[in-house]
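Accompanying notes for the structure given below.
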Amino acid sequence: MSVRADSDRVDPDRAGEPAPEREHTVAPEPEFAITSAGHVAFSASPTMLFSAAATDRSGLEIQSIALSAQVMIDPARRGYDAATRDRLAELFGPPATWTPSTQGLAWARVSAQIPSFRGSTVFALELPCTYDLEVAAAKYFYALSDGEVPLSFHFNGTVFYFGPDGRLQVVPVSWSSTAQFRMPIAAWREMIAEHYPGGGWIRVQADTLAALHRRRGARGLPSFDACVAELLEHDEPNP
């Protein structure tokens, strides 16, 4: 003997009518775009600031999005003159065999918390930077004199939203969610100029720094810059 659940019983008064369709709601699948780039003024350390937008077409209320982005530099998506190729030789090899990496250079991983919205909203991504020329991304930026830096933002994270019944639900950010952006190299240079006006930054080993300090003191030089300049002057060949 089988027993039919109450939900499966047919109302005699509605016999012959088509069964009501179950309500179906599409889960949010937000898309992201980068709209502009600048830098955080007067920050403690160099920090790029990317303005971004999130758009969702489900019509549901997004409670928040915990978002993260892997930022990649795509060297193969722009051209280079001969002088720039020479400066990039350390990254990509001698100019004669020079081929920009098609895999991209990892720049940074950043995160953002996007607050409640419906439809679309704007938010910001702050990206800490370094002028350490031992880092591949900094080497690449330093070598560019003009033009734009092709970037790819690969997003992931978690979307918290309210379903039609008002209950809070969760879905992941789509694994295919990406955004392309061409950052003017001038934006990066303006940031560096604010933190290192008229200068730069290099990292040396502790022993090298100690040797420079001793030489600077022994010769009465006013700065480490003067010490390095003197060493370079002595290293130059006589005309």
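Keep in mind it's a predicted model, so treat the numbers as computed, not measured. The figures that follow rest on heavy atoms only: side chains count, while hydrogens, waters and symmetry mates do not.
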>> As a quick check of understanding, evaluate side chain to side chain contact (heavy atoms under 4.5 Å, CB included) for Cys129 and Leu127, giving each step before the final call.
In response: CA-CA 6 Å; Cys129 300; Leu127 195 157; 3.9 Å; yes
> After noting the C-alpha distance and the side-chain angles of Glu126 and Thr47, does the key distance pass the side chain to side chain donor-acceptor pair (under 3.5 Å) rule?
Replying inline: CA-CA 6 Å; Glu126 293 189 5; Thr47 304; 5.6 Å; no
> Is the distance between the ring centroids of Phe153 and Phe50 under 6.0 Å?
Replying inline: yes
> To the nearest 0.5 Å, how far apart are CG in Asn156 and CH2 in Trp175?
Replying inline: 13.0 Å
> Is Ser177 reaching over with its side chain to a backbone N or O of Ser174, donor-acceptor style, under 3.5 angstrom?
Replying inline: no
> Are any non-hydrogen side-chain atoms of Pro150 and Met183 less than 4.5 angstrom apart?
Replying inline: no
> What distance separates Leu151 CG from Ile34 CD1, expressed to the nearest 0.5 Å?
Replying inline: 9.0 Å
>> Do Val122 and Val40 sit in one hydrophobic cluster, given that two such residues count as connected whenever their side-chain heavy atoms are within less than 4.5 Å of each other, even indirectly?
In response: no
> Are Val159 and Val173 close enough, and set up right, to give a side chain to side chain contact (heavy atoms under 4.5 Å, CB included), and what steps lead you there?
Replying inline: CA-CA 6 Å; Val159 182; Val173 171; 3.8 Å; yes
>> Looking at Gly59, is its backbone amide N or carbonyl O close enough to the side chain of Arg118 to form a donor-acceptor pair, meaning the two atoms are under 3.5 Å apart?
In response: yes
> Do Pro46 and His39 have side-chain heavy atoms sitting under 4.5 Å apart?
Replying inline: no
> How far apart are the C-alpha atoms of Glu61 and Ser116, what are their side-chain angles, what is the distance that settles it, and do they pass the side chain to side chain contact (heavy atoms under 4.5 Å, CB included) test?
Replying inline: CA-CA 7 Å; Glu61 180 183 354; Ser116 176; 3.5 Å; yes
> Is a salt bridge present between Glu31 and Arg57, judged by a nitrogen-to-oxygen distance below 4.0 Å?
Replying inline: yes
> Do any N or O atoms from the side chain of Gln113 and from the backbone of Leu67 form a donor-acceptor pair under 3.5 angstrom?
Replying inline: no
> Does the side chain of Tyr161 come within less than 4.5 Å of Asp56's, by heavy atoms?
Replying inline: no
>> Assess the residue pair Arg77 and Ser152 against the criterion (side chain to side chain contact (heavy atoms under 4.5 Å, CB included)); give the C-alpha distance rounded to whole Å, side-chain angles, the decisive distance to 0.1 Å, and a yes or no.
In response: CA-CA 11 Å; Arg77 288 173 47 215; Ser152 294; 3.8 Å; yes
> For the residue pair Tyr140 and Trp188, is the inter-centroid distance of their aromatic rings smaller than 6.0 Å?
Replying inline: no
> Any idea which heavy atoms bring Ala124 and Ala112 closest together, and the distance?
Replying inline: O-CB, 3.8 Å
> Less than 4.5 Å apart, any side-chain heavy atom of Val149 and any of Arg78?
Replying inline: no
> So which pairs with a foot in residues 145-171 pass salt bridge (Lys or Arg N to Asp or Glu O under 4.0 Å), sequence neighbours left out?
Replying inline: Glu148-Arg182, Asp165-Arg167
>> Side chains of Pro30 and Phe155, heavy atoms from C-beta outward: is any pair under 4.5 Å?
In response: no
>> Going by side chain to side chain contact (heavy atoms under 4.5 Å, CB included), name the residues that satisfy it together with Ser36, two or more places apart in sequence or in a different chain.
In response: Ser51
> Got a sec, which residues hit side chain to side chain donor-acceptor pair (under 3.5 Å) with Ser45, two or more places apart in sequence or on another chain?
Replying inline: none
> When rounded to the nearest 0.5 angstrom, what is the spacing between CE in Met48 and CH2 in Trp107?
Replying inline: 5.5 Å
>> Would a single hydrophobic cluster contain both Val135 and Tyr142, if residues Ile, Leu, Val, Met, Phe, Trp and Tyr are joined by side-chain heavy-atom contacts under 4.5 Å?
In response: no
> Got a second to check how far Leu144's CG is from Arg189's CZ, nearest 0.5 Å?
Replying inline: 7.0 Å
> Taking side chain as C-beta onward, heavy atoms only, is Ile114 less than 4.5 Å from Phe32?
Replying inline: yes
>> What I'd like to find out is whether the side chain of Pro115 reaches to under 4.5 Å of the side chain of Phe123, using heavy atoms alone.
In response: no
> Is Asp74 close to Gln180 at the side-chain level, that is, under 4.5 Å between some pair of heavy atoms?
Replying inline: yes
